[in-house]
Number of protein chains: 2
Amino acid sequence: MPLLSPSAMSRKARTDREQIITIAVELADRRGVEGITLADIATRLNVRIPSLYNYIAGLDDVRRGVTLLVLVRLGDTLREVVAGHSGDDAVRALAHAYRAFAHEHPGWYAAVEAAPRYMDAEAQAAGAQPVQVVVSILAHYGLQAEDALHAVRALRSVVHGFVSLEVHHGFGLALDLDESYARLIDLFIRGLHAGQNGNKRQS
Amino acid sequence: MPLLSPSAMSRKARTDREQIITIAVELADRRGVEGITLADIATRLNVRIPSLYNYIAGLDDVRRGVTLLVLVRLGDTLREVVAGHSGDDAVRALAHAYRAFAHEHPGWYAAVEAAPRYMDAEAQAAGAQPVQVVVSILAHYGLQAEDALHAVRALRSVVHGFVSLEVHHGFGLALDLDESYARLIDLFIRGLHAGQNGNKRQS
DNA sequence: CTTATAAACTAATATAGTTAGTTTATAGCG
DNA sequence: CGCTATAAACTAACTATATTAGTTTATAAG
């Protein structure tokens, strides 16, 4: 007896695994990857917990699937938003979209943050679209090979750092967050421009 | 019967709570705040688990205590390191010390990251020394009231963003991390200088 | 109709934390 | 010195979680 519709019977494990991951992704949207429980998934499917093991290897397997899916969705979102922009505009658009994603889906963003815990480097490569988007943007700044990669890390750090602190309520003061973020991105852009001639460190 | 030494008998709850937190901090250094277990603490004290409840309200209470203590230690470390430096030097010293702390004590750094989960805003204020250190540094840049606070958030974002990604192995490429970090901090400093006259955003 | 098997189930185990209620040891007092 | 209140330990029991083993059931295919 398959999990729901008794339609096709052969090699259906793939389908039902996706069903489980889909439900897990919904749960994760509210409670984060760590908040996923097999009990909730089983209830949603009107099935007992052990039945799930016919399709998944365990909870961590579910979390891995969720992480991958979320990474892909973030990558898609960023790519769409950035399309049509370039230079400073592209950086601002990306920064805004990244933050918006975290606001709209805190649980999913938690999955992005915890991604390395559940996926090894190779598996992550499959969902590394976010990085690719950043690389393509910074290419327009005329940054050479290694310089570009260091810049990618810088942008990731800046954007992730702020958003991470924000969604975890790490900023205590009553000071406008939109303003802080806009200034941070501008500061990053200024730094990028100021470094274009003479990118080497002074000390 | 007190947890260990049958010395003073009255109001010893404070003492034994500190004993528990101390052990928990040691455990957290290796496995993070989330990795603390009452079982481990009880074993270390040669006591059964429920006995701990005479001194703590539960696991989250322990985590709260650990978080507070770690926050204070980080604050102390940063303050010591920054003392004697000013301007760009102070920023670099702080950035370096912050990252070093995360490297030497990954578990403690996890507590710093998760701090808002276990402590409300008021409780965090008690361990908000790190922020105070940053404020004092940026005062030397001639930043006015709000500008300074936005700049504090920027520095926190930059430093935390990179370190967080690094310790969670979020950087996939085989590219020197020290170099990336140094460039990021320089980029931040450049941006700070470039923004000194005309700090307002253009759009 | 038979049979092989996918897919569900029940039962049991392990590890967590937590609560209730009981026992024990001892500090302080008469 | 002995009584008593109480701090502080204990055992027992319960919850929720994941996981594994072994059994039953339904059905697709021959």
Side-chain angles (χ1 to χ4, degrees), chain A residues 1-24 27-28 30-67 107 110-111 114 117-118, chain B residues 1-24 27-28 30-67 107 110-111 114 117-118:
Chain A
M1 204 195 302
L3 276 190
L4 264 183
S5 55
S7 50
M9 190 60 192
S10 48
R11 79 250 182 266
K12 180 183 5 32
R14 180 88 319 168
T15 301
D16 287 343
R17 183 175 200 278
E18 277 168 18
Q19 212 178 141
I20 290 173
I21 301 293
T22 300
I23 290 175
L27 290 176
R30 286 182 258 129
R31 289 178 258 161
V33 239
E34 317 283 348
I36 297 169
T37 71
L38 296 185
D40 284 335
I41 297 173
T43 300
R44 289 275 205 101
L45 287 168
N46 288 305
V47 144
R48 300 309 175 95
I49 298 173
S51 304
L52 300 175
Y53 282 80
N54 285 317
Y55 309 102
I56 53 154
L59 183 59
D60 276 1
D61 185 28
V62 174
R63 296 210 245 244
R64 206 154 7 97
V66 169
T67 300
R117 200 177 316 162
Y118 298 111
Chain B
M1 203 194 303
L3 277 189
L4 264 183
S5 54
S7 51
M9 191 59 192
S10 48
R11 84 247 182 267
K12 178 184 1 41
R14 182 88 317 168
T15 301
D16 286 344
R17 181 175 202 277
E18 276 168 18
Q19 212 176 141
I20 290 173
I21 301 294
T22 300
I23 291 176
L27 292 176
R30 287 180 256 129
R31 289 178 257 162
V33 238
E34 318 283 350
I36 297 169
T37 70
L38 296 184
D40 284 334
I41 296 173
T43 300
R44 288 273 206 102
L45 286 168
N46 287 306
V47 144
R48 300 309 174 95
I49 298 173
S51 305
L52 301 175
Y53 282 80
N54 285 318
Y55 308 102
I56 53 154
L59 183 58
D60 276 0
D61 185 29
V62 174
R63 296 208 245 244
R64 205 154 8 99
V66 169
T67 300
R117 200 177 317 163
Y118 299 110

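Quantities reported herein were computed from a predicted structural model and do not represent experimental measurements. Residue numbers begin at 1 in each chain, while the letters A, B, ... track the order of the sequences.
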Atom pair OG1/CG of Thr37(A) and Leu27(A) - distance to nearest 0.5 Å: 7.0 Å
Provide, to the nearest angstrom, the distance between the CD atom belonging to Glu34(A) and the C1' atom belonging to dA18(D). 15 Å
Rounded off to whole Å, could you give me the CG-to-P distance for the Asn54(A) and dA18(D) pair? 17 Å
Can you tell me if Arg48(B) touches the phosphate of dA9(D), counting only side-chain N or O atoms and a distance under 4.0 Å to OP1 or OP2? no
Write down the distance between CG (Leu45(B)) and C1' (dC10(D)), rounded to a whole number of angstrom. 15 Å
Whole angstrom value for the distance that separates C1' of dA7(D) from CZ of Arg17(B): 18 Å
Quick one: which residue pairs count as a salt bridge (charged side-chain N to carboxylate O under 4.0 Å, His left out) with a foot in residues 34-43 of chain A, not counting sequence neighbours? Arg31(A)-Asp40(A), Glu34(A)-Arg117(A)
Are Asp60(A) and Arg63(A) side-chain neighbours, meaning at least one heavy-atom pair lies under 4.5 Å? yes
Each nucleotide in nucleotides 17-23 of chain C should get exactly one letter: B, S or -. Can you fill that in based on protein heavy atoms under 4.0 Å? SBB----
What pairs with Ile56(B) under side-chain contact (heavy atoms from CB on, under 4.5 Å), at least two apart in sequence or on another chain? Arg17(B), Ile20(B), Leu38(B), Leu52(B), Asp61(B), Val62(B)
Contact under 4.0 Å: Tyr55(B) side-chain N or O vs dA7(D) OP1/OP2: no
Under a 3.5 Å distance rule, please check whether Ser51(A) uses its side chain to pair with a backbone N or O of Val47(A) as donor and acceptor. no
With side chains defined as the heavy atoms from C-beta onward, is the minimum distance between Arg64(A) and Thr67(A) less than 4.5 Å? no
